[in-house]
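Have a look at the structure below before the remarks.
Below, each value reflects all heavy atoms present in this structure, side chains not excepted, and no hydrogens, waters or symmetry copies. So you know, we letter chains A, B, ... as the sequences are listed, proteins then strands, and number each from 1.
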Amino acid sequence: MENSLEKNPYLHVGRASDLTGKNRTLYRVFEILPGLLSFGTLFGLVALSFFAPALAAYFTILFSGYWVFKTIFLSVHLWHNFKRLRHNMELDWQARLLNLKYQDILHLVIFPFANESYEVLAESISALQKSRFPKEQIAIVIASEERAGADAKSTALRLQKEFKDQFADVIVTVHPPNTSGELPGKGSNIAYAAKEAKERILDAKGISYEKTLVSAFDVDTVIYPDYFACLTWYFLTEDDALHASFQPVPLYNNNIWNAPILSRVLAYSSTFWQMIQQEMPERLTTFSSHAVSMRALVDVGYWQKNVVSEDSRIFFNLFMHYDGNYRVVPMSYPVSMDANVSQSWFGTVGSLYKQHRRWSYGAENIAYMLFNFMHNPRISFSKKWRLSFIQIEGFWSLATHPLILFAVGWLPLFIGGHTFNATVLSYNLPIVATWFLTLAMSGLVASSIFFMYLVPQRPHEYSWRRSITMALQWILVPFTMVIFSAIPGLDAQVRLLFGKYLGFWVTPKNRRTQPVVQKN
Amino acid sequence: MKPLSRRTRFIYLAVSITAFLFTVPVAVFYASGYRFNGLSFVETGGVYVSVPLSDASVFINGKEEGVSSLFTRSFYTDNLIAGTYAVQVSREGYYPWVKKLTVEARIVTDVFAFLVPQSTLIREIEIREGDTASTTRAVSKNEYNAFVKAFARKIVSAPTQGGVATSTPVDTRAGAELYVEDGNLIVRWMKDSQSVPSSFCIKPSSCVQEFFIEKGRETTTNAQFFAGGVVYSTKESGIFLAENDVRPVPLVVPLYSRPGAQFRIVNGALIVKDGLSFYDISGF
């Protein structure tokens, strides 16, 4: 880690306040950029609607048309990934390993753990137990938090005791609280856990860092039986695999049947977005449950401990450290996770909002990326340009497009004034925009079909009415796009804009009943 | 199975962009009112008819555009070449409403159909306890006194000086004011000319700040906005309900045809005083 920081002193910058002088100012400008772009776009459109409503109306029509073709374009990618995902799930990955030398590969699986119940973590570890990949090549790290107290510690020890003999190793790490320079949360916990595991398992047993793949799971990540065989296959067949992270597709199937409708729509919207990205590897960054070699982790100093978005930040850390020679390999193979569910409906809405705000806070990577690009001449201009465009456009569109489509774009009708309101354009704007948006609904139909294929079979306690509801739930997407994408996106960007930085928020893992996990 | 190749993705992208480039300009032209006619584009306008009641049929140049319902109270017809169009709204039991509207290119001419029932109910007002009958309306003494008090207020017809009204308006509603001047009935738009409603526009590009509802033919004594139009009384013929729209041909319907009859709007009801008797006119 010292070497990595000597090579790049800005590798673990978390925010502008970590820097001084001109660097601090520059980083601050980059932090302001996403919010400035998003609010500039929205306020610009409001002003245009007021001062030049006809121009604003033309923009809305153009934008609606753009949205239709973007939806179709993305749906084609989703469809292709859907086919690939199903194909990959039907393959016998263990058999595919037979011609490869995989016996010296170790999978180190980290489960960051705070106050979650024994059952949640036990289910995740039990799924590892059912893995077809040799269990003696899987080591488990139960990464607990000291601040979680005695109950959490006893849960961790109980799990260690129960599963210790069934894997290469099961260790419990206890992340100390209030460590200087750390943001309490998953990043600092798994960084601590990975370092501990390196020393206690790899170094102690003389296992090569290059042969160890670290999976940064969430506590609710449940694998399918061939997951580690699939991951191993990708690792062994990928060129220059030590300069790559491996990203599965998160399916939120653990509790999908008993999750409320908003949770289901949002969970699978995330899944579909991830599936689309899997067909566009150059746009892909690491997300929950990614895997990375221990070599890379040691080189880069593990996950960054002072950021909220450690899942995606690790990609940027590695990209900078290896001077742009780093990528994410899409596995098109799923892991199953929990849809966000709280004890009450309003609690769930609040949790969903906070979860999406935390994800949207990934916009903090923009400042990190641009700042590091300016200090790293070894990365090619084309790589810098491409990644910058993808990231900035991604967070800008997340925060602005739903609002343009469903709110701001219609403003000329309300504030365009008497003269504009008498024009044919004013009368035709809602008609033409509605045509386009209706066409774009075809994407929702596709979502509904893919969803019904990907969820587990309906449990006996639910009637066919539940299936109907689940098929029709996608009509909520315009609403969820605004409330759970655009608004939390803007919220996150405002925090960056004003330097009111977000802390880590742990998504509660509540289940109304015991989960339904495996797809039949 | 591999991810989509760069080549395949490029083809998808190219097809999407091409489709966008072909479709969106067509949508923009269409939305602006351009239509392909013969071998050239023509600019068109439209008509927007608001209908206050269900079951009314809307016609433009004799062609039925639709029938109003609880949920459909407006009809937008586009693709109209600039020119004059006869808009008619008919409903059983109501006076047929016809309006000649000028349509201009890229502009929508909007109009509110003024539907007046052919038969209204006129009942004499009596002070008594008990039910209201078909020819009389029973009111309490207090209500009756309210009518007496309303009619005690005098409506003064004022002259003009050098074309400038010296009178105060007899009624005001949503930026429009009614004036009775020299026995004429005038409606004036009191806000800026940019916000003048279409009822003040002979055609979309030619609007006025005021127009006459009654000019020179009879002597207006009083007027008020009522039932979507204007109710007014004349010395010579009685009480009328007129459409508040400059475009031809404004509908004027007699409500109470007795010279000298006066009216007031009391608590939303149209009350007529004829001699010493009070009448209630309802059914709008």
- Query: Please walk me through it: do B/Phe20 and A/Val68 pass side chain to side chain contact (heavy atoms under 4.5 Å, CB included)?
  - Reply: CA-CA 9 Å; B/Phe20 173 82; A/Val68 169; over 6 Å; no
- Task: Measure the spacing between CG of B/Leu4 and CG of A/Asn81 and express it to the nearest 0.5 Å.
- Result: 8.5 Å
- Message: Among B/Ser195, B/Ala105, B/Ser198, B/Gly45, which residue has the highest count of heavy-atom pairs closer than 4.5 Å to chain A?
- Response: B/Ser195
- Note on the structure: Honestly, the part of A/Ser332 sitting under 4.5 Å from a heavy atom of chain B is neither
- Task: For A/Lys383, look at atom NZ and say whether over 12 heavy atoms of other residues, nucleotides or ligands are found less than 6.0 Å away.
- Result: yes
- Message: Over 60° means perpendicular and under 30° means parallel, so tell me whether A/Tyr427 and B/Tyr76 are parallel, tilted or perpendicular.
- Response: parallel
- Item | A/His77 and B/Tyr12 aromatic ring geometry - parallel, tilted or perpendicular at 30°/60° bounds | perpendicular
- Message: Is B/Tyr30 close to chain A through its backbone or its side chain, or both, or neither, when contacts mean heavy atoms under 4.5 Å?
- Response: both
- Query: Got more than 12 heavy atoms from elsewhere within 6.0 Å of CH2, A/Trp410?
  - Reply: yes
- Query: Quick one: do B/Arg9 and A/Glu282 make a salt bridge, cutoff under 4.0 Å?
  - Reply: yes
- Note on the structure: Okay, A/Leu91 and chain B: the region with an atom under 4.5 Å from a heavy atom over there is neither
- Relative to chain B, which segment of A/Tyr66 carries a heavy atom at a distance below 4.5 Å: side chain, backbone, both, or neither? both
- Message: Surrounding CZ of B/Phe10 (heavy atoms of other residues, nucleotides or ligands, distance under 6.0 Å), is the total greater than 12?
- Response: no
- Message: I need the minimum non-hydrogen distance between B/Ala31 and A/Val432, along with the two atoms involved.
- Response: CB-CG2, 3.9 Å
- Nearest atoms (heavy-atom pairs only) where A/Gly65 meets B/Val24: CA-CG2, 3.9 Å
- Query: At a heavy-atom separation under 4.5 Å, does B/Thr44 approach chain A through its side chain, its backbone, both, or neither?
  - Reply: backbone
- Task: To the nearest 0.5 angstrom, please state how far the OG1 atom of A/Thr423 sits from the CD atom of B/Glu104.
- Result: 13.0 Å
- Query: Is it the backbone or the side chain of A/Lys70 that comes under 4.5 Å from a heavy atom of chain B, or both, or neither?
  - Reply: neither
- Item | Taking every non-hydrogen atom, the tightest pair across A/Ile61 and B/Ala27 | CG2-CB, 4.1 Å
- Item | Flag side-chain contact, heavy atom, 4.5 Å: B/Ile107 against A/Val424 | no
- Tell me, with the steps shown, if B/Thr23 and A/Phe436 meet side chain to side chain contact (heavy atoms under 4.5 Å, CB included). CA-CA 10 Å; B/Thr23 309; A/Phe436 280 130; 4.0 Å; yes
- Query: Which one of A/Asn88, A/Leu425, A/Ile72 has the most heavy-atom pairs closer than 4.5 Å to chain B?
  - Reply: A/Leu425
- Task: Measure from the side-chain N and O atoms of A/His418 to the backbone N and O of B/Val196, and report whether any donor-acceptor pair falls under 3.5 Å.
- Result: yes
- Query: Considering residues, nucleotides and ligands other than A/Phe50, do more than 12 of their heavy atoms fall under 6.0 Å from its CZ?
  - Reply: no
- Partner of B/Pro3 under side chain to side chain contact (heavy atoms under 4.5 Å, CB included), picked from A/Glu279, A/His80, A/Met280, A/Gln278, is A/Glu279
- CG on A/Asn421 to CG on B/Asp110, rounded to 0.5 Å: 10.0 Å
- Query: Which value, rounded to the nearest 0.5 Å, describes the distance between A/Phe69 atom CZ and B/Ile17 atom CD1?
  - Reply: 11.0 Å
